[in-house]
Amino acid sequence: MERNQMQMHRQIATIRKSLFDQGYLDEQFVQLEELQDNSNPNFVEEVVTLFYRDSARFLYNLDQALEKRPLDFSRLDSLMHQFKGSSSSIGAKKVKIECTHFRDYCNARNTEGCKRTFQHVKKEYTTLKKKLEAYFQMSRQAGPIETACRPR
Amino acid sequence: MNLGGGQVVNKQSVMPSSSGASWKSTAAGGSGGGGGGDGGVPDQFPAGLRVLVVDDDPTCLMILEKMLRNCNYEVTKCNRAEVALSFLRENKNGFDVVISDVHMPDMDGFKLLEHIGIEMDLPVIMMSADDSKSVVMKGVTHGACDYLIKPVRIEALRNIWQHVVRKRKHEWKDFEPSASADEQKPPEEPDYSSSANEGHNWKNTKRRKDEDDEGEDRDDSSSLKKPRVVWSVELHQQFVAAVNQLGIDKAVPKKILELMNVPGLTRENVASHLQKYRLYLRRLSGSQHPGGMNASFMGGPDAGYGSISSLNGLDLQALAASGQLGQLPPQSLATLQAAALGRSTNSKSPISAPVIDQRNIFSFENPKSRYTEVQSQHLTNSSSSKQMNLLPGIPTNMEPKQFVSLQHQSGQHSFGSINNQVLIQMGGQSQSQSHSHSHSHSQGQSNTNPHHGLRPPVLSSEMLTRGGVVDMATTVYNPVVSQASSLVDFSMNHKNDSSGSSYPLGGSLGIPNLASATPTPLQGDGNLDTKVPRRGIVSSYDIFNDINPSGIREWGLQDVGMTFDSAQHTMQGGSGPVLLQHNRSSEREMGGQNRNSTSGKAIFSPGVETGSHRNVGQQRNSYVAENSLRVKAEDGSSHNNTLYPEQYGDDLLAAILKQHHQQQQQGVGQSETEFGFDGYAMDNLPA
């Protein structure tokens, strides 16, 4: 059991490291991890869950706004700005990068560019969600010990 | 911790403290933040620091709360600015520092910042994902003590206590009876831009020098701890009245304190408030461009705007009849309202739309030649000197008060020199008011005041330039609006929250009622000075108060009132309605007088009948206009007319008129209570 548990923790640590190495997560995620303690043992997962729940409305609104012709670039920019701020608060690095590209196209009033990068934003957003869900699930299974061996 | 939706405020054991200055003790002891129960346990600090964090993003809010808790602070989170404000108001001295996001849907963060600065004098830290220099600069000019870039790290939050200490030291310094600083509190603003929060430099240095000594004393003796003064609307109005009476340039804390005659208020309290006030005024006069503050102010009160529109519709008829509303006012009113509502800047367009409608309505009326003529007529009736008529209609939306004051001022005052541009604008507004007033009398007369017509445009244009709140039709109001938006908006916003309070301005904002303070000034002609204080946000308040106290009973527009009422309801959505309600009663009273001329035109110079109606705020405008018109008749419009030229230079008038004209053309017509502002301006006019 212990070995399995240790193995699981090692596995989780590896997954976690790869998320950082591959650029899915940045330092802000570490900030969240550091906030997690005994009084809030699932803090990171709670925050990420809240983010995905709340940010869905931005994506919906952006989708709607991108359907309009002509595009209201200032509204798109404003929506994306908020979405980007929210994403950056959980350390969603790739998502944030795509958001920046989107805003650049917005400023350039490039319709095609906006639509294209928005697809990228959604893709990164969904990919990260799946990875984090798997990560949290494993973490829960492995138990709280894993925090002790989390590499910094 | 679920933020949930809407306005959820989760208080994490906020500790209500009796005196603001006692954060140390309470923080340490009372609320259990810092442990210890004894007062003045410095080493506990900053633990237990009471932080209010405002952000519409629930994810960020959750993270911030956790970070702050980890710093051993007492955290209360809020996802709506309006809620945060009401929370702050209800718990005076319940918080030590506020952290707020810049972009929020219901109110611009900067506006919230201003409100807090004026009402509660708490250190406010802004944060945003936007790190562009312009936004950061905006934070500085609005008086934020710090600006954090998102995503925020916990390290950045650990040191926020320094802002609390800094502010406290500053206040304590003021409190020091022996502090030579007292005399040094320069009536003159050395350099406002730098003194946003920290006070004057000299203060800081002095403070630093004595810091060690005084700091210890402060810690130990609670008696030395200066309780934080809350500048209620009434108090602020008194303050503004005093300042106006003395003249903004000559207003020194000592004299202001004497004039205000409020027991328990110290010179230091007045001095620091004066500082903020000056900053506010400066900001108002500085933001002549709509893009500046206006943006935030104008922010989008779509709802409000809409309501205003509807109201305007109703009022328009009234106005048309009375010819009160200048072309500009509707626009400015709308803008003001928008601003007041503190919506996002994007709302500008929606606002303008209604404004245009209003204008159209007016224009429609104009053909009847009421409106435009009103202005001109007003002038002519009264006697040409008026010119001010400029924007009778001024922004009812925004602040009924302002409108009222504007109306009052519409008389001659507005044109007056008024140090503030705002004032002038207001003057213009008032003029329009007065014009309309006279017009109503003559109903149908056409324009006997040729130069009236001329004037308003000038006024408005001036106002536009000055205030930066171009949109505000009521020139006077414009600057105020934009800048003052914080104040005004504040009230407006507040109103939204507390629809119950009819006068949002008075109550909710907590800004001292200008009006109350200076009921008299409004009344009398000469009191323009008092009115002036209104300039700032306060003015809006004053207007109302003034109006009421003066018992402007002459409204006589009973029917208008009705219209107004209905309009009010319509407006309910926005802050407008709230204000309106208030006005309404006052207006009724005023109806009789309204005017300043008789009882007190309080805001406006005595002669001007006016406009006093302006107070009504957006809605009111329409009916104020009517009232003013009526009043005029009663007062003897001629009286008004003559006043103007004396008080204001022709060139001033011209400028105002031009501005007004421009505004009209722009369809800005903010119905906002610019009038209130006018009233304000009036005071400055050299009698």
Side-chain angles (χ1 to χ4, degrees), chain A residues 25-58 61 65 72-93 95-97 99-100 102-103 107 125 128-129 132, chain B residues 1-6 8 12 53 55-73 75 77 79 101-105 108-109 126-132 135 148-158 291 295 299-300 302 343-350:
Chain A
L25 295 175
D26 62 23
E27 175 59 25
Q28 190 61 21
F29 191 82
V30 178
Q31 290 268 312
L32 298 189
E33 289 175 323
E34 287 175 349
L35 289 173
Q36 189 159 292
D37 53 23
N38 290 341
S39 64
N40 290 83
N42 300 312
F43 181 73
V44 186
E45 187 178 356
E46 286 170 14
V47 172
V48 172
T49 306
L50 178 60
F51 164 74
Y52 274 100
R53 199 167 64 224
D54 180 67
S55 57
R57 62 188 166 100
F58 286 115
N61 290 335
D72 181 349
F73 287 105
S74 74
R75 175 169 155 78
L76 286 172
D77 185 72
S78 168
L79 283 170
M80 187 51 84
H81 172 80
Q82 296 179 66
F83 178 75
K84 181 185 168 191
S86 206
S87 305
S88 67
S89 70
I90 67 156
K93 192 172 175 184
V95 176
K96 192 165 88 164
I97 289 169
C99 290
T100 306
F102 180 91
R103 292 188 76 200
N107 292 338
Y125 175 86
L128 179 64
K129 184 177 182 194
L132 286 176
Chain B
M1 41 193 66
N2 266 347
L3 296 188
V8 173
Q12 318 265 345
V53 60
D55 193 336
D56 62 307
D57 184 336
T59 311
C60 290
L61 207 52
M62 185 175 177
I63 296 171
L64 282 168
E65 186 193 20
K66 188 71 175 77
M67 284 179 172
L68 290 164
R69 303 281 273 317
N70 279 19
C71 295
N72 292 323
Y73 295 154
V75 186
K77 58 181 200 271
N79 65 352
D101 187 36
V102 167
H103 300 286
M104 289 188 288
D108 183 53
M126 302 302 295
M127 46 171 194
S128 174
D130 192 347
D131 61 350
S132 59
V135 182
L148 305 176
I149 307 292
K150 283 182 173 180
V152 179
R153 296 174 62 90
I154 193 172
E155 291 80 18
L157 295 176
R158 280 195 204 281
D302 296 332
R343 301 316 174 137
S344 60
T345 53
N346 291 337
S347 59
K348 258 229 197 138
S349 44

If I measure from the heavy atoms of chain B, does [X] come under 4.5 Å with its side chain, its backbone, both, or neither?
{"X": "L32(A)", "result": "side chain"}
{"X": "S39(A)", "result": "side chain"}
{"X": "R103(A)", "result": "neither"}

Check: Closest heavy-atom contact between G85(A) and C60(B)?
Finding: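 Closest approach of G85(A) to C60(B), heavy atoms only: O-SG, 4.3 Å.
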Notebook entry, point to check: Which atoms form the tightest heavy-atom contact between D57(B) and Q82(A), and what is the distance?
Noted result: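 Scanning both residues completely, I find the closest heavy atoms to be OD2-O, 4.5 Å.
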pair [X]-[Y]: side-chain heavy atoms closer than 4.5 Å:
{"X": "N40(A)", "Y": "R69(B)", "result": "no"}
{"X": "M62(B)", "Y": "S89(A)", "result": "no"}
{"X": "D130(B)", "Y": "H81(A)", "result": "yes"}
{"X": "K66(B)", "Y": "D37(A)", "result": "yes"}

Note to self: Heavy-atom pairs under 4.5 Å with chain A - which of L64(B), V152(B), D56(B) has more of them than the others?
What the structure shows: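 Counting heavy-atom pairs under 4.5 Å, the top option is V152(B).
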Item checked: Spatial distance of atom CD1 (I63(B)) from atom OG (S86(A)) [nearest 0.5 Å] ->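 Reported value, rounded in 0.5 Å steps: 8.0 Å.
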Item checked: Atom pair NZ (K150(B)) and CD (Q28(A)), whose distance is rounded to the nearest 0.5 Å ->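 Result: 11.0 Å between the selected atoms.
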